[in-house]
Amino acid sequence: MNKLISIIMPVKNGEKYLKEAIEGIQKQNMNVEIIVVNDGSTDRTEQIAKDTGCIVINHEQSRGQVFAKNTGLKHARGDYVMFHDGDDVLNDKVLQIMYDVLESDESVAAVMAKVKDFVSPDVADSIQETVKQEPYYGLFTGAVLMRSRIFDKIGYLNETVHTGEIIEWANKMAEHKLEIKKIDLVATNRRIHGHNFGKTHRSTEFQNYAQILREKLKKAN
């Protein structure tokens, strides 16, 4: 049997798309534990996650995506870790490909694939203009598979950064000389539906990028 992969899903009020996201992981036919961190939801998120066989950890009040990811990390038992949004969908067989890259080369600490945006069928066509037409690197969600032991070296995610945490993570990886291998593979489909975290927190995102840059410059000096 393959080594265990911990898939960490921070979700707040995700009942609309959560079952499809979970099924996309289960169809990978890999040795996984799906950890849904229910971040203060008031809908059926908890029940859907339980009904589909996930491990569910509840935050009574919303603490935000980064805090929820750290909660998931503290409960993860896998040799490998992936963060996955509750509204995105993995492509078939991609988890095996990413897993094989890590298994074949111990010097690689994480493998990064690509993300492809798609407009959710249940929203208006007018949102189409906001969607990137080509696949791209740069998101945790369903596109990065990591060795869980790297967090023993770099620590957990910075909970003062509410968005853009992948930039700080990549900086810490570089500081510790941990290799991230990019592969030309579209691993996950990122659903665009008008309420995505990155869209609704765009101003915070830019503030956090500036904060990360300032901290990096301080270390350089």
Side-chain angles (χ1 to χ4, degrees), residues 5-28 32-78 81-90 115-128 130-131 139-144 151 156-166 168-169 188-209 211:
I5 301 172
S6 298
I7 310 286
I8 298 170
M9 267 194 185
V11 186
K12 180 181 179 182
N13 294 333
E15 65 177 6
K16 194 169 187 179
Y17 308 116
L18 181 58
K19 188 170 184 288
E20 186 179 357
I22 292 169
E23 288 175 345
I25 296 168
Q26 292 172 337
K27 285 195 301 184
Q28 301 294 312
V32 301
E33 60 173 9
I34 304 174
I35 303 172
V36 172
V37 183
N38 179 30
D39 191 38
S41 297
T42 56
D43 64 359
R44 294 183 61 253
T45 289
E46 180 182 3
Q47 192 58 52
I48 291 169
K50 287 181 176 178
D51 288 347
T52 49
C54 300
I55 299 165
V56 181
I57 303 164
N58 291 309
H59 289 166
E60 293 303 319
Q61 295 182 333
S62 177
R63 304 296 299 273
Q65 283 228 340
V66 178
F67 191 98
K69 287 173 181 175
N70 281 342
T71 295
L73 284 172
K74 292 169 186 176
H75 288 81
R77 298 178 297 115
V81 171
M82 173 182 279
F83 298 116
H84 193 297
D85 284 355
D87 51 4
D88 295 341
V89 184
L90 283 177
V115 174
K116 179 73 168 65
D117 287 351
F118 78 101
V119 177
S120 192
D122 57 336
V123 301
D125 292 339
S126 59
I127 202 171
Q128 185 72 46
T130 68
V131 175
L139 289 179
F140 265 143
T141 174
V144 179
F151 293 99
Y156 289 134
L157 304 174
N158 183 351
E159 292 169 4
T160 68
V161 174
H162 300 292
T163 60
E165 68 273 18
I166 191 171
E168 184 172 60
W169 171 81
T188 195
N189 300 290
R190 179 177 181 254
R191 188 188 302 269
I192 306 297
H193 51 84
H195 300 288
N196 298 59
F197 185 84
K199 288 178 173 295
T200 56
H201 294 73
R202 186 60 55 86
S203 61
T204 306
E205 181 178 15
F206 290 134
Q207 292 171 6
N208 288 161
Y209 288 160
Q211 176 187 339

Please name the pair of heavy atoms, one in N13 and one in S41, separated by the smallest distance, quoted to 0.1 Å.
N-OG, 2.7 Å
Using a 6.0 Å cut-off, check whether atom NZ of K116 has over 12 heavy atoms from anything other than its own residue.
yes
With sequence neighbours excluded, tell me which residues meet salt bridge (Lys or Arg N to Asp or Glu O under 4.0 Å) with E15.
none
Apply the test salt bridge (charged side-chain N to carboxylate O under 4.0 Å, His left out) to residues K27 and E23: give CA-CA distance (whole Å), side-chain angles for both, the deciding distance (0.1 Å), then the verdict.
CA-CA 6 Å; K27 285 195 301 184; E23 288 175 345; over 6 Å; no
Indicate yes or no: at least one non-hydrogen side-chain atom of H75 is less than 4.5 angstrom from one of I55.
no
Any side-chain heavy-atom pair from H84 and I34 closer than 4.5 angstrom?
no
Taking the side chain as every heavy atom from C-beta outward, state whether K19 and D51 have any pair of such atoms under 4.5 Å apart.
no
Given the rule in the side chain to side chain contact (heavy atoms under 4.5 Å, CB included) test, do V66 and V161 qualify, once you have shown the distances and angles that lead to the verdict?
CA-CA 7 Å; V66 178; V161 174; 5.5 Å; no
Could you grab the distance from atom OG1 of T52 to atom CD1 of I22, nearest 0.5 Å is fine?
3.5 Å
Of all heavy-atom pairs between R63 and D39, which one has the smallest distance, and what is that distance?
N-OD1, 2.7 Å
Rounded to the nearest 0.5 Å, how far apart are CG of N38 and CD of E60?
8.5 Å
Give, for atom CG of D117 and atom CG of L139, the distance between the pair rounded to the nearest 0.5 Å.
8.0 Å
Does N158 use its side chain to pair, donor to acceptor, with the backbone of T160 at less than 3.5 Å?
yes
Taking D43 for its side chain and G14 for its backbone only, find out whether a donor-acceptor pair lies under 3.5 Å.
yes
Quick one: does R190's side chain get under 4.5 Å of F118's, heavy atoms only?
no
Rounded to the nearest 0.5 Å, what separates atom OG1 in T71 from atom CD1 in I8?
9.5 Å
Is any side-chain heavy atom of F83 less than 4.5 Å from a side-chain heavy atom of L73?
yes
Mind checking the CD-CD spacing from Q28 to Q26? Nearest 0.5 Å is all I need.
10.5 Å
For K69, is the NZ atom crowded, meaning more than 12 foreign heavy atoms sit under 6.0 Å from it?
yes
Mind listing the closest non-hydrogen atom pair of E33 and G78 along with its distance?
OE2-N, 3.8 Å
Specify the closest pair of heavy atoms between A21 and M9, including all atoms of both residues, with the distance to one decimal.
CB-CE, 3.7 Å
May I ask you to check whether D88 and T188 show a side-chain donor-acceptor distance below 3.5 Å?
no
About how many Å separate CD1 of I25 and CG of L90, when rounded to the nearest 0.5 Å?
5.5 Å
With no hydrogens and no angle check, is any side-chain donor or acceptor of R191 less than 3.5 Å from a backbone partner on D87?
yes
Indicate yes or no for a side-chain donor-acceptor contact from E165 to the backbone of Q65 under 3.5 Å, with no hydrogens or angles considered.
no
